[in-house]
Amino acid sequence: MDVNGGGWTVIQHREDGSLDFQRGWKEYKMGFGNPSGEYWLGNEFIFAITSQRQYMLRIELMDWEGNRAYSQYDRFHIGNEKQNYRLYLKGHTGTAGKQSSLILHGADFSTKDADNDNCMCKCALMLTGENR
């Protein structure tokens, strides 16, 4: 990815809905899909990468009309599996808004078979896949 100076690692790519992201904990742990298409890198790999040194997170969004927005965080890492791959973010800039209901600092990762969101609504099932 060459946006904003390049050197980025793509951890998720959603393009056309051709890949089902309604998956379980083990698949999100190890990753799925194809890096040249729809894809999830895998929580174990994201943890391994972000535990080595300080990283930034950039979220690029584009709607069906081609409108673009982004959010960028100066610091980003996730916890290990025992910590439910908890998300840590700091220092936001961008045009897409600081946080959505899907990306919350300090939130544990949830899947359809591992509900860690402390919400009675079963967010991962409601939102068809991964949830923060």
Quiz prompt | Asp108 to Asn116 - nearest heavy-atom pair and separation | solution = CB-O, 3.5 Å

Quiz item: Do Tyr70 and Met56 share a hydrophobic cluster, counting only Ile, Leu, Val, Met, Phe, Trp and Tyr and linking them when any side-chain heavy atoms are less than 4.5 Å apart?
Solution: no

Quiz item: Do Arg53 and Tyr55 meet the cation-pi criteria used here (NZ or CZ under 6.0 Å from the six-membered ring centre, within 45° of the axis)?
Solution: yes

Self-check item: Test item: Ser71 side-chain N/O and Gly94 main-chain N/O as donor-acceptor pair under 3.5 Å
Solution: no

Exercise. Cation-pi check, Arg14 to Phe21: give yes when NZ or CZ is under 6.0 Å from the six-membered ring centre and within 45° of the ring axis, no otherwise.
Key: yes

Quiz prompt | Side-chain touch Asp16/Glu38, heavy atoms, less than 4.5 angstrom | solution = yes

Self-check item: Nearest heavy atoms of Ser110 and Asp115, plus distance in Å
Solution: OG-C, 3.8 Å

Quiz item: Of all residues at least two apart in sequence or in a different chain, which pass the side chain to side chain donor-acceptor pair (under 3.5 Å) check with Gln72?
Solution: Asn4, Arg58

Exercise. Work out which heavy atom in Trp40 is nearest to a heavy atom in Ile46; give both atom names and the distance.
Key: CZ2-CD1, 3.7 Å

Quiz item: Mind checking whether His77 and Tyr88 have parallel, tilted or perpendicular rings, split at 30° and 60°?
Solution: parallel

Quiz item: Given side chains that start at C-beta, do those of Val3 and Glu60 come closer than 4.5 Å, heavy atoms only?
Solution: yes

Quiz prompt | Minimum heavy-atom distance Thr50-Ile78, with the two atoms named | solution = OG1-N, 3.4 Å

Quiz item: Donor-acceptor pair, Gln22 side chain versus Lys112 backbone, under 3.5 Å?
Solution: no

Exercise. State whether the side chain of Asp63 and the backbone N or O of Glu65 hold a donor-acceptor pair below 3.5 Å, judged by distance alone.
Key: yes

Practice problem: Flag the pair Arg23 / Phe32 as yes when at least one side-chain heavy-atom distance between them is below 4.5 Å, and no otherwise. | Solution: yes

Self-check item: Leu89 side chain near Asp74 side chain, heavy-atom distance below 4.5 Å
Solution: no

Practice problem: Using only heavy-atom distances, determine whether the side chains of Glu81 and Trp25 contain a donor-acceptor pair under 3.5 Å. | Solution: yes

Practice problem: Find out whether Val10 and Leu41 are in side-chain contact, i.e. whether some heavy atom of one side chain is under 4.5 Å from a heavy atom of the other. | Solution: no

Practice problem: Could you tell me which non-hydrogen atom of Phe76 sits nearest to which non-hydrogen atom of Leu87, and how far apart they are? | Solution: CE1-CD1, 3.7 Å

Self-check item: Side chain to side chain, Lys29 and Glu27, heavy atoms closer than 4.5 Å
Solution: no

Exercise. Examine Tyr85 together with Phe47 and report whether their ring centres are nearer than 6.0 Å.
Key: no

Quiz prompt | Partner set under side chain to side chain donor-acceptor pair (under 3.5 Å) for Thr95, not counting sequence neighbours | solution = none

Quiz prompt | Test side-chain contact (heavy atoms from CB on, under 4.5 Å) applied to Met30 - qualifying residues, sequence neighbours left out | solution = Glu44, Phe45

